[in-house]
Number of protein chains: 2
Amino acid sequence: MKSLVSRCPIEEVMQVLSGRWPTLLIYYLKDGTKRFSDLRRDNPTVSHRILTHELRKLEKAGIVQRTVFDGYPLRVEYDLTAAGTALVPLIDAIAGWWDAHDAARDPAAEPSAAERAAAVP
Amino acid sequence: MKSLVSRCPIEEVMQVLSGRWPTLLIYYLKDGTKRFSDLRRDNPTVSHRILTHELRKLEKAGIVQRTVFDGYPLRVEYDLTAAGTALVPLIDAIAGWWDAHDAARDPAAEPSAAERAAAVP
DNA sequence: GCGTGGTGACAAAAAAGTGCGTAATTTACA
DNA sequence: TGTAAATTACGCACTTTTTTGTCACCACGC
């Protein structure tokens, strides 16, 4: 998703929240301050390159706060901003929606297989 | 985003909602039934191949309902399912959050340029 | 020949992963 | 006491994987 195609805010948010990592990172960060290496440990499948990219994206979007401590083995901390914290319950709501609607879907697997209608308008 | 990396529902939802199109399509569909060509007209930059892909993905996720009418110039209609309709306010909430937090961010552009701390832990 | 709603092959573009290098300092060990 | 190695958070160049776009094609009836 390189550039925007509509002037719609939805597309703008999705540009920053799209993908596997942004929401997952927000989730790990809602428990409090994390360092780069903490986040890598939290999800070992992310490469450091991508992790920096994603964190920078979230920082630019005003969702996370990046704090650099000058020093010896170098240290950077990441936290959610106020806006980021405000976003958490909204993501929660969507996760909840998914669970609810998943539960309704699972039992019979694919009951709507042959749902086609022949109508004469 | 090929496969899942966590067992977390958030990652699952994002797998279907990620990208420019899913949320936009949900938005166009919330106004009511649309046909394939309507959706193409609504967003002319999407290729027909991607549009079918996205619609199928949303269908499999139980968010949209696809109805084929046998007949003459061939006709397919797309609507939101109940679950899809339930999702709309949640996406709205996120769009609203974005607007609010964008408004708070815009005026001064980038005031947090040199926010670094030198602390002794 | 047009419009409808697709499918499939192939190519281009974008995103993601890999490995190496960097800084300054502490610690490990001989 | 000197030297080597590790730590942390990346940046850069390169390759691989994934996504997206393009084009051609299908059937159907008008």
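Because only heavy atoms are used, hydrogens play no part in the values below, and waters and symmetry mates are left out as well, while side chains stay in. Just so you know, these numbers come straight off a predicted model, no measurement behind them. Every chain is numbered from 1 and lettered A, B, ... according to where its sequence line falls, protein lines coming before strand lines.
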K.L.:
Of all residues at least two apart in sequence or in a different chain, which pass the salt bridge (charged side-chain N to carboxylate O under 4.0 Å, His left out) check with Asp99(A)?
P.N.:
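If we apply the salt bridge (charged side-chain N to carboxylate O under 4.0 Å, His left out) test to Asp99(A), skipping adjacent residues, there are no hits.
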
K.L.:
Could you check if a side-chain atom of Leu58(A) sits within less than 4.5 angstrom of a side-chain atom of Trp21(A), using non-hydrogen atoms only?
P.N.:
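Leu58(A) does not reach Trp21(A) side chain to side chain.
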
K.L.:
Checking Thr81(B) side chain against Gly62(B) main chain: does a donor-acceptor pair fall under 3.5 Å?
P.N.:
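Yes, the answer is positive, given that a donor and an acceptor are paired below the 3.5 Å cut-off.
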
K.L.:
With heavy-atom distances below 4.5 Å as the criterion, would you say the side chains of Leu55(B) and Phe36(B) are in contact?
P.N.:
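Yes, side chains in contact.
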
K.L.:
For the helix from dG1(C)-dC30(D) to dA30(C)-dT1(D), figure out the bend between the end axes, five pairs an end, and round to 10 degrees.
P.N.:
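Axis angle across the helix from dG1(C)-dC30(D) to dA30(C)-dT1(D), nearest 10°: 30°.
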
K.L.:
Walking along DNA chain D from 5' to 3', note the first and the last nucleotide with an atom under 4.0 Å from a heavy atom of chain A, and give both.
P.N.:
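Under 4.0 Å from chain A, the extent on DNA chain D is dT7(D) to dA13(D).
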
K.L.:
Do Trp97(B) and Val13(A) come close enough that some side-chain heavy atom pair is under 4.5 Å?
P.N.:
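Trp97(B) reaches Val13(A) side chain to side chain.
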
K.L.:
With sequence neighbours left out, what residues match Ser6(B) under side chain to side chain donor-acceptor pair (under 3.5 Å)?
P.N.:
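Glu11(B).
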
K.L.:
Taking only residues two or more places apart in sequence, or in another chain, which ones meet Ser37(A) in a side chain to side chain contact (heavy atoms under 4.5 Å, CB included)?
P.N.:
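Per chain and number, Ser37(A) pairs via side chain to side chain contact (heavy atoms under 4.5 Å, CB included) with Arg35(A), Arg41(A).
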
K.L.:
Which letters describe nucleotides 3-10 of chain C, given B = protein heavy atom under 4.0 Å from base, S = only from sugar-phosphate, - = neither?
P.N.:
-BSBBBB-

K.L.:
If you define the side chain from C-beta out and look only at heavy atoms, does anything of Leu25(B) sit under 4.5 Å from Tyr78(B)?
P.N.:
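SC-SC contact between Leu25(B) and Tyr78(B) ruled out.
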
K.L.:
Is there side-chain contact between Leu80(B) and Leu87(B), with at least one heavy-atom pair below 4.5 Å?
P.N.:
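Of all side-chain heavy-atom pairs linking Leu87(B) with Leu80(B), none is under 4.5 Å.
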
K.L.:
Hey, does Glu54(B) have a side-chain heavy atom less than 4.5 Å from the side chain of Lys57(B)?
P.N.:
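Yes, side chains in contact.
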
